[in-house]
Every structure is written in C-alpha cells, then in structure tokens.
There are 2 protein chains.
Amino acid sequence: MADTYEKPSVTVDVLIFTVQENKLKIILVKRAIEPFKGSWAIPGGFVHKNESLEEAALRELSEETGVRDVYLEQLYSFGDPKRDPRGRVITVSFLALLPSENLKLKGSTDVTDAKWFALNELPTLAFDHKKIVEYALGRLRTKIQYSNITHGLMPDEFRLSELQGVYETILGEKLDKRNFRKKILSLGLLKPTGKMEVEGAHRPAMLYKFKTKETVLFD
Amino acid sequence: MADTYEKPSVTVDVLIFTVQENKLKIILVKRAIEPFKGSWAIPGGFVHKNESLEEAALRELSEETGVRDVYLEQLYSFGDPKRDPRGRVITVSFLALLPSENLKLKGSTDVTDAKWFALNELPTLAFDHKKIVEYALGRLRTKIQYSNITHGLMPDEFRLSELQGVYETILGEKLDKRNFRKKILSLGLLKPTGKMEVEGAHRPAMLYKFKTKETVLFD
DNA sequence: TGAATAGTGTCTTTCAGACAATATGCC
DNA sequence: GGCATATTGTCTGAAAGACACTATTCA
C-alpha cells in the first residue's frame with residue numbers, strides 16, 4: 001500500500017516557439033545523460049519545493065533564453081506511468097512565445113546544447129516529447145484564431161505583412177491580404193505608430209503595435 | 001539542494017457535472033479529516049504508482065458514482081506551493097459529465113458524505129477548490145459552444161427541448177427555440193429516432209439521439 | 001521603367017439573431 | 001374547448017471569403 005502511494009517526480013516542460021524566416025521554430029536541448037542521451041528534448045526540469053508550476057516554467061524559460069517577460073500558458077499534464085524509463089515522472093507542459101528578435105540562446109547550463117528547430121524539420125525526440133509538441137502545436141493553431149496571442153511572437157513594432165506572415169506560418173496556409181488586414185484592424189487591437197519602415201526598393205510600410213499586452217479572446 | 005527537489009504529492013480532482021431540474025450540479029464530498037474537516041471539497045485522491053492521470057480520475061469517478069463510461073477531459077493543473085497546508089500537493093483537475101439519469105451516488109468510501117450541489121448554491125469549499133470549480137465552469141461554458149460535449153449530459157434519447165434546456169442551464173440564458181433547433185440540427189450530429197415521447201397533456205415530441213459518442217469540435 | 005511590396009473596396013454568400021403562428025395530444 | 005408543449009420559416013444585419021488594381025520607393 002505504501003508502494004501504491006509512492007510520490008512521483010513532477011517536472012515542467014516548456015515549449016518555446018518563435019517565428020523566424022517564415023518558419024515556426026521551437027527550442028530543443030540535447031540530452032547529456034541517459035536515458036535518451038544524445039537525443040533532443042523539450043527543455044524542462046523538476047519543480048522546486050517552493051515555486052509554483054508557472055514559476056518553475058519561467059525559471060526553465062529563463063535558463064534557456066535569459067528572457068522572462070514573455071507569453072506563458074499552461075498546456076496539459078502528461079502522466080503515463082511509463083513515459084520515463086527511470087521511474088514515475090509527471091510533467092506539466094507550458095507554451096511560451098518569443099518575438100523573433102530574442103533568438104540568441106544562453107550558454108547552456110545543465111545541458112550540452114540548445115538549438116532552434118523548424119517544426120517541419122524536427123529530429124527524433126526523447127520520451128513522449130513528440131506527442132507533447134503536437135499537442136502544443138494544435139493549441140497554438142487553434143488559439144491564434146480566436147485570440148491575440150500572436151503579440152507574443154511579434155516585436156514591439158511591426159508591419160501588417162509581417163503579422164500576416166506569422167499567421168500564415170502557424171496555420172500553414174496563405175491568407176488573402178485584403179481580408180486579413182480588414183479583419184485584424186477591425187478587432188481594434190492594433191494601432192499605427194505613424195512611423196514608416198523603409199526596407200528596400202519598394203513602398204515603405206506603416207509600423208503597427210499592439211494596444212495591449214493582455215491576452216484578448218475574440219467573440 | 002536535496003530539499004529543493006523533494007517530491008510533491010500528486011492528486012487528481014474530478015469535477016463531476018450533471019444537469020437536473022434545470023440546474024447545473026456538481027458532486028462534492030464532505031471532508032472527514034483535517035485540514036478543512038467538515039468542509040466540502042471536490043472529490044479526488046492521490047495518483048497511484050501504476051496508473052495514468054486519466055486512470056486515476058476514472059477511479060475516483062467510479063468510487064463516487066459507480067460509473068466509468070462517461071465523458072472525461074483533463075482541465076488544468078494547480079500547483080501553488082501553499083494550496084495544501086499539509087505540504088506540497090499538485091493536483092490535476094478533470095471534468096466529467098454525467099447524464100441526468102445516473103444520479104445515485106454510491107455509499108461513500110473514504111469520505112463521510114457525497115452530495116450533489118447546484119452551482120449557484122455552493123457551500124464554502126476547502127483548499128483552492130473554489131478557483132478550480134470556477135475554472136471548470138468556464139471551460140464547460142466555452143466548450144459547449146463549439147463542441148458536442150453536451151452528449152455527455154444527455155440520456156441516450158431525448159427531446160430537443162431537453163437539450164435546449166441543458167444549454168440554457170449551462171449558459172445561464174434563454175435561447176430562441178427556432179434558432180436553437182435550426183442550429184443544432186444543421187450540425188448534423190443528431191438523428192431522430194422515429195419514436196415519439198408522450199409525456200403529458202400536450203403534443204408529443206420526437207426523440208433524438210447523438211449519431212456519435214465521439215467529441216466533435218465545430219468549425 | 002521595372003521590380004518589389006503597400007494599400008485599398010465591392011460583391012456574394014453564409015451565419016446569427018429577431019420574430020409568431022399553427023399542430024397535436026390530453027383533459 | 002382549453003391547456004401545454006412541439007414544430008416550422010422569413011427577414012435582416014454582420015461577418016467571411018473571393019477577387020484586382022493603384023501607390024510608392026529604389027535601383
């Protein structure tokens with residue numbers, strides 16, 4: 001009976017997304033120890049005694065990227081008894097979104113290596129991490145359609161065509177420019193900065209920014 | 001350092017909903033031991049060593065209701081370090097939906113008492129269970145608008161007016177009968193059984209049933 | 001003036017929401 | 001006939017989606 005109630009370990013795994021070069025990317029770390037030594041895995045670690053789940057996720061995020069002030073959302077908890085060969089480990093997964101400007105990874109701490117991977121070029125993943133990535137991707141695709149979470153992926157100021165590109169990258173389909181602009185502006189979440197961005201041999205674009213950093217659900 | 005990584009306990013809490021007499025109800029259990037002895041709480045318990053989170057939730061559900069074949073969905077994990085005065089306890093919450101026919105509660109096992117409570121007549125709850133109930137209610141309200149999860153709340157065969165009543169109860173507002181029927185039938189998830197239900201001094205109603213038990217997301 | 005991206009409006013279709021009258025069965 | 005619930009359709013407004021041309025800058 002005592003055996004039945006043996007305590008599991010609890011970890012957080014943080015799925016850190018960004019959009020870069022029209023690709024949706026995620027941070028993976030190379031495992032330095034067994035099991036799955038040498039395999040790539042979602043960054044994560046044990047929840048410490050006096051921190052909440054979200055605090056643990058923020059700490060892991062900060063360890064990888066040095067950034068704390070990003071969009072963070074709890075996703076789902078994975079607790080199959082056999083998901084970790086070392087013993088019972090339950091993990092609470094989190095979704096984090098980074099603007100494409102903050103892409104420099106910190107010199108890794110307890111892992112040998114950390115790298116950005118395009119979602120369509122993922123290596124084989126350790127544990128059940130493939131399933132976790134798929135869950136996160138599904139949530140991201142669903143949620144950009146009824147919320148403004150893309151603000152977490154954008155720099156402070158951006159062109160509407162950049163924002164459209166982020167939507168297209170995540171959804172994996174082309175969107176009509178006129179309809180996209182009509183829709184996104186009608187939501188009233190963006191404001192023009194008045195500044196124009198001259199970027200090449202073509203007409204300059206107005207720079208926009210989000211009015212609020214808060215997450216807004218449409219409808 | 002060893003202290004930092006001390007393992008937490010992990011529980012599941014199951015929010016078991018039904019609709020009865022036009023009221024949305026949930027099962028609560030009276031705590032027989034400290035802390036919060038005598039207070040009402042969401043039914044739940046420790047995750048056993050060799051069961052998944054979902055299996056643990058099904059076991060708790062079965063202990064309370066004797067029923068296993070119901071809609072069950074993981075909601076959210078609550079892990080504030082101070083949420084349980086006895087020590088670190090992380091809980092994974094689940095939403096369960098019961099048809100209004102399965103309302104008899106089992107003679108309680110490790111708890112003194114279990115009762116159905118209308119959501120608008122809840123007693124003071126133990127731990128952070130008020131917050132958990134509110135989270136579940138929010139999820140339920142959101143999700144009935146874009147999925148067929150109400151099938152979990154309906155008996156096998158039912159009148160459209162009963163289904164409409166369930167929607168109205170959960171959303172807390174009256175719906176237009178013609179628009180409701182138009183919408184729900186246009187989804188193509190229901191089929192008429194051909195049977196009529198004679199129930200009183202008025203015109204009998206067609207009985208409908210869900211074509212599939214699977215959860216379907218609209219759009 | 002050619003290349004590249006920015007910016008803009010109309011039409012059609014679909015869906016949500018407001019709204020009321022007739023049908024059926026029991027007493 | 002009176003009562004209670006079942007069943008049905010139209011109109012309007014809003015939003016989604018298809019669709020093409022002009023504007024601006026630089027080389």
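Please read all numbers here as calculations on a predicted model, not as lab measurements. Residue numbering restarts at 1 for every chain, and letters A, B, ... go by the order of the sequence lines.
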Q: Can you measure B/L175 atom CG to C/dC19 atom P for me and round it to whole angstrom units?
A: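 Whole-Å distance recorded here is 15 Å.
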Q: Run the side-chain donor-acceptor check on residues 192-210 of chain B: report pairs under 3.5 Å with partners two or more places apart or on a different chain.
A:
| from | atom 1 | to | atom 2 | distance (Å) |
| --- | --- | --- | --- | --- |
| B/T193 | OG1 | B/K195 | N | 3.1 |
| B/T193 | OG1 | B/L207 | O | 2.9 |
| B/K195 | NZ | B/E157 | OE1 | 3.1 |
| B/K195 | NZ | B/E157 | OE2 | 2.8 |
| B/E197 | OE1 | B/R159 | NE | 2.9 |
| B/E199 | OE1 | B/H202 | NE2 | 3.2 |

Q: Do B/K182 and C/dG17 share a donor-acceptor pair, side chain to base, under 3.5 Å?
A: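 Donor-acceptor pair under 3.5 Å: yes.
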Q: Within this structure, what is the CD-to-P distance between A/E168 and C/dT5, rounded to whole angstrom?
A: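 That distance rounds to 13 Å.
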Q: Can you tell me if A/S161 touches the phosphate of C/dA6, counting only side-chain N or O atoms and a distance under 4.0 Å to OP1 or OP2?
A: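 Yes.
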Q: Taking only the side-chain heavy atoms of A/H202 (C-beta and beyond), determine which of C/dA23, C/dT5, C/dG25 contains the nearest atom.
A: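 That would be C/dT5.
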Q: To the nearest Å, give me how far apart CZ (B/R203) and C1' (C/dC26) are.
A: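 Rounded to whole Å, this separation is 14 Å.
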Q: Closest nucleotide of DNA chain D for A/D176 versus for A/P204: which of these residues is on the 5' side?
A: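 With A/D176 and A/P204 compared, the 5'-side residue is A/D176.
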Q: What residues form a salt bridge (Lys or Arg N to Asp or Glu O under 4.0 Å) with A/K82, not counting sequence neighbours?
A: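 Scan of A/K82 (salt bridge (Lys or Arg N to Asp or Glu O under 4.0 Å), adjacent residues dropped) gives none.
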Q: Quick one: B/M196 CE to C/dG25 C1', roughly how many Å, whole number?
A: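 Rounding to the nearest Å, CE of B/M196 and C1' of C/dG25 are 10 Å apart.
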Q: Using side chain to side chain contact (heavy atoms under 4.5 Å, CB included) as the criterion, list what pairs up with B/S186, not counting sequence neighbours.
A: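 By the side chain to side chain contact (heavy atoms under 4.5 Å, CB included) rule, B/S186 matches no residue at all.
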Q: For B/R159, which contact category applies under a 4.0 Å heavy-atom criterion: base, sugar-phosphate, or nothing?
A: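 B/R159: backbone/sugar contact only, no base atoms under 4.0 Å.
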Q: Over how many whole Å does the gap from B/I184 atom CD1 to C/dA16 atom P extend?
A: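 Nearest whole value for this atom pair: 11 Å.
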Q: Listed by chain and number, what are the side chain to side chain contact (heavy atoms under 4.5 Å, CB included) partners of B/R83, not counting sequence neighbours?
A: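 B/D13, B/F78, B/D80, B/V89, B/T91, B/D128, B/H129, B/I132.
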Q: Both B/V198 and A/R181 contact DNA chain C. Taking the nearest nucleotide for each, which residue is further toward the 5' end?
A: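 Residue closer to the 5' terminus by nearest nucleotide: A/R181.
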Q: Distance check needed: C/dA18 P versus B/R178 CZ, whole Å only.
A: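 Result: 11 Å.
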Q: Choosing from C/dA18, C/dA16, C/dT24, which nucleotide comes nearest the side chain of B/N179?
A: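 The nucleotide sitting nearest to the side chain is C/dA18.
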Q: Would you mind classifying the nucleic acid contact of B/K177 as base, sugar-phosphate or nothing, using non-hydrogen atoms under 4.0 angstrom?
A: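 Base: the residue B/K177, judged by heavy atoms under 4.0 Å, touches a nucleobase.
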Q: Hey, is B/E63 close enough to B/R59 for a salt bridge, meaning N to O under 4.0 Å?
A: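 A salt bridge is present here (some side-chain N lies under 4.0 Å from a carboxylate O).
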Q: What's the CE-C1' distance between A/M206 and C/dT8, to the nearest Å?
A: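 Taking CE of A/M206 and C1' of C/dT8, I get 14 Å after rounding.
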Q: Nucleotide range of DNA chain D contacted by chain A, 5' to 3', under 4.0 Å to a heavy atom?
A: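 In short, chain A contacts DNA chain D from D/dA16 to D/dC26.
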Q: Nearest-Å distance, CG (A/L163) to P (C/dA6)?
A: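 It is 12 Å, rounded to the nearest whole Å.
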Q: Is B/K213 salt-bridged to B/D69, cutoff N-O under 4.0 Å?
A: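 Yes, charged N to carboxylate O under 4.0 Å.
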Q: Using heavy atoms to find the nearest nucleotide of DNA chain D for A/A201 and B/A205 separately, return the residue whose nucleotide is more 5′.
A: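 Result: B/A205.
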Q: Identify, with sequence neighbours excluded, every residue that meets salt bridge (Lys or Arg N to Asp or Glu O under 4.0 Å) alongside B/E134.
A: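 Expected list: B/K130.
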